[in-house]
Each structure stands twice: as structure tokens, then as C-alpha cells.
Amino acid sequence: MLSGACLLYSLEFSDDAIQKMKSLPIKESQLFLNKVSLLICLSLIPLILEMIAMFVGVGYWFELYEGFGLDLVQNFGFFFLMTLPTILLALLVATFFESVWVSLGINVTAVFLAIMIYNKSFSLSLFPFALAFQRLHHTNQDSQRIIAVLVEVVVITIGEVLFLKTRRHFA
């Protein structure tokens, strides 16, 4: 996800593609939403394949209990929801820099930071890159995390749109 986000934006800066995109009859914010949609679809593919493999593997080697499929879908849905802020923040970071290496370095550093802090406290677990490491426990904290994810998605999307509008005026 991180490298895809960085590559999507580094292509904008190569060969003055950003200037060419501004001449298109589409807003930059719509291009951003299209990039988000592309990354979401590309991240869903391995998740769905992993879910199918887990269902087949558990069904082949173990006995499936009542409601296993529902639990599996809930867990993978929770994981997918937790990755949305990571996708959006990776795109936001990639927006700021022309060099793919700078944005990739910042995103990878954020993942390393998330690995160190994701289980230290509840407030640290809400860092967008740390959310992808959370598991569904069916507790009150899960519903709080879901609310926090939705808020983060809205805030990061608004931040990205505002940045794209100001970049257009200063470029």
C-alpha cells in the first residue's frame, strides 16, 4: 500500500504530469478520490484471497464451528476498516514530496514507529499506521476504534483536499 501510494504521486511529478493533469476537465480532489479507490481495490484483492485461503485451510484441516464464516468476515472487515487511515495518510504524505524516496522513507518510518507503539496504550493505538495491527476483540474499545477510524478518514480526506486546493494556487 505504501509503495503504491508513493508511486501514484511520484508519477504526477515526473515529466510535468501534474501540469498536464491540471488541464484535464477533472478536479484534483476527484483524482485523489480515484487514487484512494484504486488503492482500496488493490488492497482488497489480497485480503479476499487470504480470507478464502483461511476458510479453505481451516475447513480442510480442522472442523469448522458454527458461525466461523461470519467471524472470519467480521475480522477481515475490521482489519480492512483499520487499514483505511493508513492508505489515506500514505497518500497524504506522498502528496507533499516530489521524490518517491522521501515519501516512501517517511511512510516506512511511520510503520516502524507503529510497530513499536501499537500495543502500548489505547490512544497510541489510534495512530493511523498502528491501526492496521489491531485485532477484533468484540469489546468496547473496538467500537471506539471504529469511530476513531471514521473520524481519521474524514479528517485526512479534508486535509488532502485542502492541500490540493492550496497547491493548485501556489504552483
Side-chain angles (χ1 to χ4, degrees), residues 1-54 72-118 124-136 142 145-168 171:
M1 288 186 303
L2 300 179
S3 59
C6 294
L7 286 173
L8 281 173
Y9 270 103
S10 73
L11 292 174
E12 280 188 5
F13 293 109
S14 64
D15 297 327
D16 295 323
I18 197 164
Q19 302 301 332
K20 295 173 186 171
M21 286 180 1
K22 287 180 182 177
S23 66
L24 293 173
I26 189 170
K27 294 181 178 181
E28 285 184 75
S29 58
Q30 184 61 42
L31 287 173
F32 166 72
L33 295 175
N34 290 344
K35 290 174 190 175
V36 169
S37 301
L38 178 67
L39 282 177
I40 286 173
C41 290
L42 291 176
S43 67
L44 272 175
I45 293 170
L47 274 178
I48 291 170
L49 290 175
E50 185 178 350
M51 190 169 57
I52 292 169
M54 188 171 287
L72 188 65
V73 169
Q74 284 178 345
N75 278 290
F76 275 91
F78 182 79
F79 177 73
F80 173 70
L81 188 63
M82 295 296 116
T83 59
L84 289 179
T86 306
I87 293 171
L88 288 166
L89 191 57
L91 279 171
L92 180 65
V93 169
T95 306
F96 290 124
F97 304 101
E98 281 187 45
S99 173
V100 66
W101 300 111
V102 174
S103 59
L104 185 61
I106 292 171
N107 282 324
V108 168
T109 303
V111 169
F112 287 147
L113 175 68
I115 289 171
M116 292 186 291
I117 67 169
Y118 78 95
L124 289 176
S125 73
L126 297 179
F127 176 58
F129 287 97
L131 284 167
F133 296 105
Q134 304 305 319
R135 294 184 306 262
L136 183 61
D142 290 336
R145 275 195 186 95
I146 291 171
I147 292 169
V149 162
L150 297 175
V151 169
E152 286 178 1
V153 165
V154 169
V155 168
I156 294 171
T157 304
I158 290 171
E160 176 77 24
V161 170
L162 290 175
F163 177 75
L164 290 173
K165 286 183 179 189
T166 56
R167 182 176 73 172
R168 179 179 36 192

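Heavy atoms only: backbone and side chains are in, while hydrogens, waters and symmetry mates are out. Quantities reported herein were computed from a predicted structural model and do not represent experimental measurements.
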Fill in: Which atom of Ala148 lies closest to which atom of Leu126, heavy atoms considered
CB-CD2, 3.7 Å
Worksheet item: Between atom CG of Leu47 and atom CD1 of Ile52, what is the distance when rounded to the nearest 0.5 Å?
Response: 11.0 Å
Worksheet entry | Val111 and Asn107, any side-chain heavy atoms less than 4.5 Å apart | no
Fill in: Nearest heavy atoms of Phe129 and Ala90, plus distance in Å
CZ-N, 4.2 Å
Worksheet item: What do the steps show when you test Thr95 against Phe32 for side chain to side chain contact (heavy atoms under 4.5 Å, CB included), and what is the final call?
Response: CA-CA 10 Å; Thr95 306; Phe32 166 72; 5.5 Å; no
Worksheet item: Atom CG in Leu72, atom CD in Gln74: separation rounded to 0.5 Å?
Response: 10.0 Å
Item to complete: List the steps and the verdict of side chain to side chain contact (heavy atoms under 4.5 Å, CB included) for Phe78 and Ile146.
Response: CA-CA 8 Å; Phe78 182 79; Ile146 291 171; 4.0 Å; yes
Item to complete: Look up atom CG in Leu92 and atom CD1 in Ile87, then write down how far apart they are to the nearest 0.5 Å.
Response: 14.0 Å
Item to complete: Without swapping roles, check the side chain of Thr86 against the backbone of Pro128 for a donor-acceptor pair under 3.5 Å.
Response: yes
Discussion item. Consider side chain to side chain contact (heavy atoms under 4.5 Å, CB included). Of Ile156, Leu84, Val153, which one does Leu89 pass it with?
Written reply: Ile156
Worksheet item: Are Phe96 and Ile106 close enough, and set up right, to give a side chain to side chain contact (heavy atoms under 4.5 Å, CB included), and what steps lead you there?
Response: CA-CA 11 Å; Phe96 290 124; Ile106 292 171; over 6 Å; no
Worksheet entry | Nearest heavy atoms of Ala132 and Thr83, plus distance in Å | CB-CG2, 4.0 Å
Worksheet item: If you measure from CD1 on Ile48 to CZ on Phe76, what distance do you get to the nearest 0.5 Å?
Response: 10.5 Å
Worksheet item: Quick one: CZ on Arg145 to CZ on Arg135, what's the gap to the nearest 0.5 Å?
Response: 9.5 Å
Worksheet item: Which is it for Leu131 and Glu152 under the side chain to side chain contact (heavy atoms under 4.5 Å, CB included) test, yes or no, and what are the steps along the way?
Response: CA-CA 11 Å; Leu131 284 167; Glu152 286 178 1; 3.1 Å; yes
Worksheet item: Is the backbone N or O of Asp142 less than 3.5 Å from a side-chain atom of Gln134, with the two atoms forming a donor-acceptor pair by type?
Response: no
Worksheet item: At what distance, to the nearest 0.5 angstrom, does OG1 of Thr157 lie from CG of Leu88?
Response: 4.5 Å
